[in-house]
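The figures that follow rest on heavy atoms only: side chains count, while hydrogens, waters and symmetry mates do not. Letters A, B, ... mirror the listed sequences (proteins, then strands); counts begin at 1.
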Amino acid sequence: MTLQLAKPAPPDDDKRWKMVEVTMRRSGYASHALIETLHRVQGLFGYLDEPAMNFVAESLGLPLSKVYGVATFYHLFSLKPQGKHTCVICTGTACYIKGARELVDGLRQKYGIELGQTTPDLELSAVGARCIGACGLAPAAVVDGEVLGNLTVDQLLARIEKVIHDAT
Amino acid sequence: MASSEPVLLANVGRPDSHTRAAYEAAGGYRTWRGVLARQSPAEVQELVRASGLRGRGGAGFPTGQKWSFLAQDRPGPIYFCLNADESEPGTFCNRVLMELDPHQVLEGLLLSCYATQAATAYFYLRYEYPLAYRRVEAAIAECYAAGYLGRNILGSSYSLDVFLHRGAGAYICGEETGLIESLEGKRAWPRVKPPFPAVEGLFRQPTVVNNVETVACVKHICERGSAWFRSLGVPPDPANPRDSGSFGPKLYCLSGHVARPGCYEAPLGIPLDELIERWGGGVWQGRRAKAAIPGGISTGLLRHDEFHCRLDFADPLKFGCLGLGTAGVVVLDEHVSMVDFLHNSCRFFAHESCGQCTPCREGTAWALRILDRIRAGRGRWQDLELLLEIGDTLGIIPGTTICGLADGAAWPIKNAIRKFRDEFEAYIRASNPDGYLETHPVRALDDRHLQVRS
């Protein structure tokens, strides 16, 4: 006879929790599936809040502290809501010496945000990356998942303008 | 040095080079079929040992020797982890391989798993490579469909499963035990060694961790033999008993201020100036080079008068660099401020230190704060000595940390200040003319001044 633990209930009746449960079930609710599960939650909800981390912790049989520890250790996980669009600016060595600073300055001047911040209207998040492995294309940025290389400030701002405009 | 035809990049540039059809049309998986039918795992291991292949991930440890450490007497499975968490600034050769020729990587992985008798392989890919993720995922599915993976592969008694695992943005996951911890779903805190992963690694089982380019080399060693592999590169230096030679082809990533940045293949040991002039088209905009990073920022700096350095596992050490690293060469032209460069480098390591060992956590953070202060016009002469003291006491080599991240943080500090001391002194004197000779303790900057500017 095996001990059947009660399955924790999702934080609310949002349908997306079912998909999170699928991810956890696929690995047999093993604790080593934590990172993949957090990827899933963030992919579906955009960020990790406390109810979400609590749910994942209880489902995988981990203390909340462990889940919180992992969520804060890896740079990709965000505990705050992110903007609808993301602009990742690479600040690796090659990009840095070829003008990443100008890109960051341009972003600050136009949108008033530093790397790691989101505009108050939740339209755009600026993220600093330590090296995205596109050194041959320096300076590089990633706007909504698309890698842009050999960038000037004007090109970057035009691209951001376009993705925001196209979505509205 | 005589040029040789590309081997690792042979398929790159062909149409649809990422598909199995294109890879097999170019002779792909023939080696895997042949080895599986005719060679024993021990024979493959011996072949790799005889080839003198050294790990391409940065440390240059002999691959055959690493495999031979695997504990054979332990019950339970052996795991193989493929380290595709390429995040050293200046490095992108693994991305090129995974995006444009993922089947070559997989064939190398299959052969390496067979040689080590691993039944499960984890492909640890960094999250920042979405295209590589899609291509490798598709390539693994194609391999299962073709029967190259799964149970009783091609009718043999050998079975292998490959799982693709994405990281979540942490440089430290490239350290082999950090990678193992991360695969177990934990913070990527490197483990104290021994026990080495070959004895007790993933899920406390014997584990091998190899780099993407290393397993790609294994494929070509199995195909062309160890004598071919040893015909490329540089033999061991007889004067240095610890050097086991630098054999085989290597992917060099060239970026920074060169006319044609990119990923180039050459036999190990190509001199840096030849790489920059012949492959990179020289320094851009007709300028002169000031310095170059030989193999990712962790390896330190070469001054422009040291560009005759051969890029192999031994030569950069003679110039005070940490080693060949990942062979990610970044060229800095005469307009780059070394103070800014070092600040950027320190910011990277302060951000990426995992926080486990105090010398690294505090050392990288304080080096950054000192450089912040220097750039805010409050630098002092003695700051240079202070930075060097931090640099000299950080890392595995002085014996103060668990892993090599701190050595990587220390080398740019040591090289930049020792090789460009004049520039640092001039910067400090010019930016803080009234106070640069102060020796009494200065107050740390308040938060207003510490606001990080990129």
Asks: Which atom names give the shortest non-hydrogen contact between C131(A) and G90(B), and what distance separates them?
Replies: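 Closest pair (atom of C131(A), atom of G90(B), distance): SG-N, 3.8 Å.
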Asks: I'd like to check T93(A) versus F348(B) (side-chain heavy atoms, cut-off strictly below 4.5 Å). Are they in contact?
Replies: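 No, every pair of side-chain atoms sits at 4.5 Å or beyond.
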Asks: For R288(B), does the CZ atom sit with more than 12 other heavy atoms under 6.0 Å from it, leaving out its own atoms?
Replies: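 No, not enclosed.
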Asks: What part of S87(B) gets closer than 4.5 Å to chain A, counting heavy atoms only: side chain, backbone, both or neither?
Replies: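 For S87(B), the backbone is the part near chain A, not the side chain.
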Asks: For the candidates N344(B), V330(B), L332(B), which exhibits the highest count of non-hydrogen atom pairs separated by less than 4.5 Å from chain A?
Replies: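 Of the options given, most contacts go to N344(B).
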Asks: Are more than 12 heavy atoms, taken from residues, nucleotides or ligands other than D13(A), located less than 6.0 Å from that residue's CG atom?
Replies: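 Count not over threshold, so no.
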Asks: Please classify the contact between C173(B) and chain A as side chain, backbone, both or neither, with a heavy-atom cut-off of under 4.5 Å.
Replies: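 Just the side chain, heavy atoms under 4.5 Å.
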Asks: By a 4.5 Å heavy-atom criterion (distance strictly below it), what part of V96(B) contacts chain A: side chain, backbone, both, or neither?
Replies: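 Neither; nothing under 4.5 Å.
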Asks: Do you know which of I132(A), T37(A), L103(A) has the most heavy-atom pairs with chain B at a distance under 4.5 angstrom?
Replies: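 Ranked by heavy-atom pairs under 4.5 Å with chain B, first place is I132(A).
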Asks: Kindly compute the distance separating CZ (F203(B)) from NE2 (H32(A)), expressed to the nearest 0.5 Å.
Replies: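 F203(B) atom CZ to H32(A) atom NE2 measures 4.0 Å (nearest 0.5 Å).
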Asks: Heavy-atom pairs under 4.5 Å with chain A - which of C263(B), P130(B), C93(B), C354(B) has more of them than the others?
Replies: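 Heavy-atom pairs under 4.5 Å are most numerous for C354(B).
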Asks: Measure distances from R126(B) to the heavy atoms of chain A and classify the residue's part below 4.5 Å as side chain, backbone, both or neither.
Replies: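 Contact with chain A: side chain only.
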Asks: To the nearest 0.5 Å, what is the distance between CZ (F92(B)) and CG (L137(A))?
Replies: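 It comes to 7.5 Å.
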Asks: Using 0.5 Å steps for rounding, measure from the CD1 atom of I35(A) to the CD atom of E184(B).
Replies: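 I35(A) CD1 to E184(B) CD: 10.5 Å, rounded to 0.5 Å.
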Asks: Is Y171(B) in contact with chain A via its backbone, its side chain, both, or neither, using a 4.5 Å heavy-atom distance?
Replies: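 Neither part.
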Asks: Please tell me if the side chains of I172(B) and F73(A) come closer than 4.5 Å, counting only heavy atoms from C-beta onward.
Replies: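 Of all side-chain heavy-atom pairs linking F73(A) with I172(B), at least one is under 4.5 Å.
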Asks: Is it true that, when you exclude R260(B) itself, more than 12 heavy atoms of the residues, nucleotides or ligands shown sit nearer than 6.0 Å to its CZ?
Replies: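 Atom CZ in R260(B) is crowded, with more than 12 foreign heavy atoms closer than 6.0 Å.
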Asks: Under 4.5 Å between any side-chain heavy atoms of L76(A) and E128(B), yes or no?
Replies: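 The answer is yes, as the side chains (C-beta and beyond) meet within the 4.5 Å cut-off.
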Asks: Is the number of heavy atoms from other residues, nucleotides or ligands within 6.0 Å of OH (Y68(A)) greater than 12?
Replies: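 Not buried by this count: 12 neighbours or fewer within 6.0 Å.
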Asks: Heavy-atom pairs under 4.5 Å with chain A - which of S255(B), A168(B), A170(B), G185(B) has more of them than the others?
Replies: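 Sorted descending by pairs with chain A, the first entry is A168(B).
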Asks: Do K186(B) and L34(A) touch side chain to side chain, with heavy atoms closer than 4.5 Å?
Replies: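 SC-SC contact between K186(B) and L34(A) ruled out.
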Asks: More than 12 heavy atoms of other residues, nucleotides or ligands under 6.0 Å from NZ of K110(A): yes or no?
Replies: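 More than 12 within 6.0 Å, yes.
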Asks: Just checking E334(B): does its CD atom have more than 12 heavy atoms from other residues, nucleotides or ligands closer to it than 6.0 angstrom?
Replies: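 Result for CD/E334(B): enclosed.
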Asks: Side chain, backbone, both or neither: which part of D333(B) has a non-hydrogen atom closer than 4.5 Å to chain A?
Replies: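 Contact with chain A is absent: no heavy atom of D333(B) under 4.5 Å.
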Asks: For the residue pair H75(A) and H351(B), categorise the inter-ring angle as parallel (less than 30°), tilted (30 to 60°) or perpendicular (more than 60°).
Replies: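 The rings of H75(A) and H351(B) sit tilted, inter-plane angle from 30° to 60°.
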Asks: For R166(B), is it the side chain, the backbone, both or neither that has a heavy atom under 4.5 Å from a heavy atom of chain A?
Replies: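 Both parts, heavy atoms under 4.5 Å.
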Asks: Can you measure from CG (L131(B)) to CD (E146(A)) and round to the nearest 0.5 angstrom?
Replies: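 Spacing of CG (L131(B)) from CD (E146(A)) equals 12.0 Å.
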Asks: Checking side chain to side chain contact (heavy atoms under 4.5 Å, CB included) for the pair R187(B)/T72(A): CA distance, chi angles, key distance, verdict?
Replies: CA-CA 9 Å; R187(B) 307 177 129 216; T72(A) 50; 3.7 Å; yes
Asks: Name the region of S182(B), side chain, backbone, both or neither, that has any atom closer than 4.5 Å to a heavy atom of chain A.
Replies: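 Both backbone and side chain.
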Asks: Counting heavy-atom pairs under 4.5 Å to chain A, which of H257(B), H165(B), E86(B) comes out on top?
Replies: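 The option with the most such pairs is H257(B).
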